[in-house]
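Have a look at the structure below before the remarks.
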Amino acid sequence: MARLAQTAGLTDVQQEILSTVRDFVDKEIIPVATELEHRDEYPQAIVDGLRELGLFGLMIPEEYGGLGESLLTYALCVEEIARGWMSVSGIINTHFIVAYMLKQHGTQEQKDHFLPRMAAGEMRGAFSMSEPALGSDVSAITSKAVRDGDEYVLNGQKMWLTNGGTSSLVAVLVRSDEGHPEGTAPHKSMTTFLVEKEPGFGEVRPGLTIPGKIEKMGYKGVDTTELIMDGLRVPADRVLGGVTGRGFYQMMDGVEVGRVNVAARGCGVAQRAFELGVRYAQQRHTFGKPIAQHQAIQFKLAEMATKVEAAHAMMVNAARKKDSGERNDLEAGMAKYLASEYCKEVVEDAFRIHGGYGFSKEYEIERLYREAPMLLIGEGTAEIQKMIIGRRLLEEYRFQG
């Protein structure tokens, strides 16, 4: 039987990249993922391997030392990596969002300065939008930048930074009222700053503190942190794109890439859950035969496989739409919503197939059961996705009466 979630129309180069990544996942990630996850240990050897494969430069243009591949290629690689261990895909996701934002919106000097080092994996990216008192309500951001000569002084507290400790470049969204009269819509007075820092925890540069890792139910190994700015001075030439007031749009462009990434992660985790479920169903015997021969289990496997296929198809469609240069917020929202919800359901079905053993830390499905919920909230909750989808549908199907 062919593997689930195959993608038609790939080039030979894309197929070779995916084959290489799949082999790496099978040999270097899956055998150690559960052990590392239980220890909440950063997978340095795996990250080094990804760097050797050139994956940190996958979407960065060749002129900056990257591979110049498409969002589709990246998403399919993420799907494979998440199939092995979702946390590893998180390590490269925020890196790619920042690289994408630089490629699309950075000044030439910013591209020349950052992208070659990011492509080589020497500089790792993180992006910072959320704050403790807000979730998806980006307009409520209170962190602020004030101009002081050739610098800006940043103050505020940010939350939920993936790679907050291990990164050396953070794209930070703050309010910047300079040049924007009172009463300007909040999203028109936000600016993205490119903040360089030392990897690690504590005060990583004057005025910037990464307190430590946030303890999480799942999504372990990768560091998730806060970021505290207290008189942080950033040169004016580190405003992304060189002009203030464009940060909200830059971040939303990056988040569309991130939503395709989250959809790809959901597809990868769901694939792995199906693989574990269908294998265990053929090994476990009840009432004199493998449980896979019971109709109830066959129905469950059929539903799981169909959900894997449907989520993969929507993720591929969203990636291809973005690659074409078209607006894809509708497709990205749909893909993220469907893939994360189906992932949760497929993982739970695989968990049920395992019975009591699914509750044991000896079995991989226990880890997946704790990881899947993060996808329901990452890059916007299901409710936010439905708001985006609903508004876009009303734009496309506006009644003329």
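Everything numeric in this text was worked out from a predicted model, so none of it was measured.
- Using a cutoff of 4.0 Å between basic side-chain nitrogens and carboxylate oxygens, Glu303 and Lys300 are not scored as salt-bridged.
- Salt bridge Lys322/Asp253: present, at least one basic N to carboxylate O contact under 4.0 Å.
- Among all heavy-atom pairs drawn from Leu240 and Gln250, the shortest one is O-NE2, 3.1 Å.
- Note: Glu366 CD to His354 NE2 = 11.5 Å, rounded to the nearest 0.5 Å.
- A salt bridge is defined here as a Lys NZ or Arg NE, NH1 or NH2 lying under 4.0 Å from an Asp or Glu carboxylate O, and Glu348 with Arg352 meets this definition.
- Heavy atoms only, all atoms of each residue included: Glu226 and Ile210 are closest at O-CD1, 3.6 Å.
- Under 4.0 Å is where a charged nitrogen must lie from a carboxylate oxygen, and between Glu379 and Lys336 no such pair does.
- A salt bridge does not link Glu371 with Arg272: every distance from a Lys NZ or Arg NE/NH1/NH2 to an Asp or Glu carboxylate oxygen is 4.0 Å or more.
- More than 12 non-hydrogen atoms from other residues, nucleotides or ligands lie less than 6.0 angstrom from CD of Glu326.
- For Ala119 against Tyr64, the heavy-atom pair with the smallest separation is CB-O, 3.7 Å.
- Phe351 and Tyr369 have parallel rings, their planes meeting at less than 30° on a 0 to 90° scale where 60° marks the start of perpendicular.
- Taking each heavy atom of Ala310 and Tyr342 in turn, the nearest pair found is CB-CE2, 4.0 Å.
- Ion pairing between a basic and an acidic side chain is recognised when a charged N comes within 4.0 Å of a carboxylate O; Glu396 and Arg392 show such pairing.
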Original post:
What's the verdict on side-chain hydrogen bond (donor to acceptor under 3.5 Å, both in side chains) for Ser167 and His95, showing C-alpha distance, side-chain angles and the deciding distance?
Top reply: CA-CA 8 Å; Ser167 61; His95 175 85; over 6 Å; no
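- Although no hydrogens or angles enter the test, the distance criterion places no donor-acceptor pair under 3.5 Å between the side chain of Asp323 and the main chain of Ser70.
- With Leu58 as the fixed residue, the side-chain contact (heavy atoms from CB on, under 4.5 Å) test singles out one of Leu50, Val21, Leu67: Leu67.
- A salt bridge is absent between Lys144 and Glu131; no separation between the charged side-chain nitrogens and carboxylate oxygens falls under 4.0 Å.
- A side-chain donor-acceptor contact under 3.5 Å links Arg147 to the backbone of Gly149.
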Original post:
Stepwise, does the side-chain hydrogen bond (donor to acceptor under 3.5 Å, both in side chains) test hold for Arg367 with Thr34?
Top reply: CA-CA 7 Å; Arg367 169 171 61 82; Thr34 297; 3.2 Å; yes
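- Using a cutoff of 4.0 Å between basic side-chain nitrogens and carboxylate oxygens, Arg238 and Glu109 are scored as salt-bridged.
- The CD atom of Glu309 sits 5.0 Å away from the CG atom of Leu4 when rounded to the nearest 0.5 Å.
- Across every non-hydrogen atom of Leu161 and Ser128, the tightest pair is CD1-OG, 3.5 Å.
- One finds a salt bridge joining Glu395 and Arg327 here, because a Lys/Arg side-chain nitrogen approaches an Asp/Glu carboxylate oxygen to under 4.0 Å.
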